[in-house]
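Index from 1, following the sequence. Just so you know, these numbers use all the heavy atoms, side chains as well, and skip hydrogens, waters and symmetry mates. These numbers come from a predicted model, not from an experiment.
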Amino acid sequence: MVDRVFTNCEVRPLSDEDPASAVAVTDGTITAVGDPDELSTAGAETVDCRDGVLLPGFIDAHTHLEIVGRRAVEADLAGADGPDDCIDRLLAADDGEGWLLGFGYDESDWDGDRLQAATLDRASTERPVAAAREDLHTVSVNHAALDVLDLPDNGVRTEDGAPTGVLVEEAAEAVFDAIAPDYTQTREYLLAAQEVALSEGITAVHDMVRQSHAPRVYRDLDSKDALSLRVRLNYWADHLDAVRELGLVTNHGSDRVQTGAIKTYIDGSLGAGTARLRDPYADSDSVGEWRTDPDALQELVAAVDDAGLQFAAHAIGDAAIDALLSTIESVDAADERHRVEHAEILTGDLVERLAASPLVVSAQPNFHRWAAPGGLYDERLGERRALTNRFRDLADAGAQLAFGSDCMPLSPLYGVQQAVTAPEPSQRLTVDEALRAYTHGGAYAGFDEDRMGTVTPGSVADFAVLSASPWDVPDGDISDITVSLTVSDGEVVFDSGD
């Protein structure tokens with residue numbers, strides 16, 4: 001017997017099936033898709049989708065929900081127009097205790113100003129202050145923070161021999177270690193992030209868990225039926241020994257919380273100038289950094305693969321992507337669906353090699369925002385700007401694309417808009433292709449293509465109901481579409497009308 005039927009909508013299955021106008025659900029599973037008068041729905045509850053467009057729930061294949069929650073609870077610096085705006089936002093969020101924290105600033109559009117220690121001293125000279133750049137590879141701190149942090153030799157930017165307060169890579173990691181939340185704080189952050197995700201139509205995430213409390217929090221929320229998202233836990237590489245000791249393998253877990261991949265950094269970011277390139281940056285003599293050098297990478301991939309675990313490698317620069325491909329090509333690992341995260345700079349033969357490899361390309365169309373002429377990538381890369389985020393070329397070559405946000409911002413519709421309006425017209429995807437990368441693509445990356453990612457009988461009843469059709473609005477207006485309903489296991493977990 002059908003429990004619930006979703007009607008008054010245009011159903012877009014994002015499969016080979018034609019559009020429909022109703023979906024029947026029983027025990028959290030889709031049982032039929034069609035027209036209302038064709039479905040056997042006697043006694044079922046009817047959910048009015050308010051003339052919206054019903055899609056599979058979005059799957060964010062690369063995100064950091066703790067950071068999303070921190071932005072909701074601490075100072076949100078996303079969109080700040082300069083250091084003064086950052087200071088104002090930090091002061092507005094000041095609760096008078098401990099570290100004063102802000103997340104998500106992006107100085108690429110500022111007039112040459114950087115967020116440095118002297119600036120952050122205006123927020124406080126007594127308490128440590130830290131502001132994380134949007135890519136999480138750079139953290140700016142005040143002098144009080146410099147005094148209390150145990151910083152490594154690498155990653156501390158200096159001027160005339162003195163620290164500027166700008167920390168990158170290993171030094172930035174030292175800040176994240178110092179401000180790591182306890183169990184209670186982590187729970188607060190993840191619950192806040194869940195609300196944000198559901199409001200964006202996201203029903204599943206692949207969370208890159210940096211700190212050790214998040215897996216326990218997720219599992220506790222699951223046991224208390226307080227988790228509406230489906231979560232794949234991608235553990236940092238320094239958790240590998242613990243994961244193996246516990247006997248965890250990829251896909252182990254419950255219907256809601258499962259073990260995903262072991263993740264590492266091969267290189268840094270373009271914003272920090274630390275992504276590893278084959279040739280020097282356009283604005284410096286540097287070729288970036290190895291976070292994991294090729295020899296260590298070979299050992300790590302072999303260890304992860306032997307443990308029956310998926311591997312996910314952050315690789316942005318062409319040298320880093322080349323190193324990962326060479327490693328994967330030398331390891332018999334076709335069954336584990338290993339992943340390359342970001343894969344931004346695709347010079348030479350890298351597109352064809354990625355398509356021929358078993359790697360899933362877990363990419364972020366949001367990053368197109370920095371690739372316009374005169375933007376950050378133009379400054380960092382020069383002519384190589386045109387070789388970033390080559391989604392059209394990857395799709396045409398047959399690569400498996402999965403889209404995520406990296407929480408920059410946490411908005412699938414923003415990512416879809418960026419994918420269909422790419423700065424390089426030759427790299428634009430269609431609306432269908434972009435939406436499938438944010439649904440079926442994420443499902444495939446998480447071994448879930450048989451249970452989610454499309455609106456088809458037998459799949460879980462996870463939906464996003466949009467207020468307008470992405471196919472019917474101008475491409476540049478897709479991100480303005482709102483989410484009317486988010487449905488998980490057939491239950492409405494977000495309603496814009498509430």
(message) Counting only heavy atoms from other residues, nucleotides and ligands, does the tally under 6.0 Å from CG of D153 exceed 12?
(response) no

(message) Minimum heavy-atom separation for G102 and L90, please, with both atom names.
(response) N-CD2, 3.6 Å

(request) Taking all heavy atoms of L270 and all of I316, pick out the closest pair and write down the distance. (result) CG-CG2, 4.0 Å

(request) Look up atom CG in L277 and atom CG in D322, then write down how far apart they are to the nearest 0.5 Å. (result) 12.5 Å

(message) Please find the pair of heavy atoms, one from L151 and one from A174, that lie closest to each other, and give the distance.
(response) CD2-CB, 4.0 Å

(request) Kindly indicate, with the supporting measurements, whether the criterion salt bridge (charged side-chain N to carboxylate O under 4.0 Å, His left out) is fulfilled by D283 and R380. (result) CA-CA 6 Å; D283 58 350; R380 291 281 190 273; 2.9 Å; yes

(request) Drop me the distance from E188's CD to E66's CD, to the nearest 0.5 angstrom. (result) 11.5 Å

(message) So which atom in P181 and which in H213 form the shortest heavy-atom distance, rounded to 0.1 Å?
(response) O-CD2, 3.2 Å

(request) Decide whether a cation-pi geometry holds between R339 and F311; the criteria are a distance under 6.0 Å from NZ or CZ to the six-membered ring centre and an angle within 45° of the ring axis. (result) no

(request) Under the salt bridge (charged side-chain N to carboxylate O under 4.0 Å, His left out) rule, collect the residues that match up with R276, sequence neighbours excluded. (result) none

(request) State, with a plain yes or no, whether a side-chain heavy atom of I321 is found less than 4.5 Å away from one of L346. (result) yes

(request) For residues V287 and D279, determine if any side-chain heavy atom of one lies less than 4.5 Å from a side-chain heavy atom of the other. (result) no

(request) Decide whether a cation-pi geometry holds between R337 and Y444; the criteria are a distance under 6.0 Å from NZ or CZ to the six-membered ring centre and an angle within 45° of the ring axis. (result) yes

(message) Listing request: all side chain to side chain donor-acceptor pair (under 3.5 Å) pairs with a residue in residues 158-169, at least two apart in sequence or in separate chains.
(response) H137-E169, E169-T274, E169-R291

(message) Is there a side-chain contact between R133 and D106 in this structure, where contact means two heavy atoms from C-beta onward sitting under 4.5 Å apart?
(response) yes

(message) Can you list everything that forms a salt bridge (charged side-chain N to carboxylate O under 4.0 Å, His left out) with R187? Sequence neighbours excluded, please.
(response) none

(request) Apply the test salt bridge (charged side-chain N to carboxylate O under 4.0 Å, His left out) to residues E433 and R392: give CA-CA distance (whole Å), side-chain angles for both, the deciding distance (0.1 Å), then the verdict. (result) CA-CA 10 Å; E433 290 169 327; R392 175 79 273 147; 2.7 Å; yes

(request) In sequence, state the C-alpha distance, the side-chain angles, and the governing distance for R230 and D462, and then conclude on salt bridge (charged side-chain N to carboxylate O under 4.0 Å, His left out). (result) CA-CA 10 Å; R230 303 183 196 275; D462 292 358; 2.6 Å; yes

(request) For the pair F367 and W370, name the ring-plane relationship: parallel under 30°, tilted 30 to 60°, perpendicular over 60°. (result) tilted

(request) Take R428 and D475, measure what salt bridge (charged side-chain N to carboxylate O under 4.0 Å, His left out) needs, and give me the verdict at the end. (result) CA-CA 11 Å; R428 292 172 182 170; D475 289 346; over 6 Å; no

(request) Please name the pair of heavy atoms, one in Y235 and one in P215, separated by the smallest distance, quoted to 0.1 Å. (result) CE2-CG, 3.6 Å

(message) For the CD atom of E449 and the NE2 atom of H440, what is their distance to the nearest 0.5 Å?
(response) 6.0 Å

(request) Answer yes when E134 and R369 have at least one side-chain N-carboxylate O distance shorter than 4.0 Å, and no when they do not. (result) yes

(message) Please confirm whether the ring centroid of F403 lies under 6.0 Å from the ring centroid of H62.
(response) no

(message) Can you tell me how far apart OG (S269) and CD (E289) are? Round to the nearest 0.5 Å.
(response) 9.5 Å

(request) Indicate yes or no: does R353 engage E329 in a salt bridge with an N to O separation below 4.0 Å. (result) yes

(request) Indicate the atoms forming the closest heavy-atom contact of A303 with R244, along with that distance. (result) CB-NH1, 3.9 Å

(request) State the CG-OG1 distance between N234 and T259, to the nearest 0.5 angstrom. (result) 9.5 Å

(message) Could you check whether any side-chain N or O of E379 sits under 3.5 Å from a backbone N or O of L376, counting only pairs where one atom can act as donor and the other as acceptor?
(response) no

(message) Tell me whether D147 at atom CG has more than 12 heavy atoms from other residues, nucleotides or ligands lying less than 6.0 Å away.
(response) yes

(request) Examine R12 relative to W471 and say whether NZ or CZ is less than 6.0 Å from the centre of the six-membered ring and inside a 45° cone about the ring axis. (result) yes

(message) In the structure I gave you, are the side-chain heavy atoms of L325 and I328 within less than 4.5 Å of one another anywhere?
(response) no

(message) Ring centroids only, cut at 6.0 angstrom: are W110 and Y105 within range, meaning strictly under it?
(response) yes

(message) By the definition side chain to side chain contact (heavy atoms under 4.5 Å, CB included), identify the one residue from L100, D95, D94 that meets it with E97.
(response) D95

(message) If I take atom OG from residue S362 and atom CG from residue D406, how far apart are they, to the nearest 0.5 angstrom?
(response) 8.5 Å

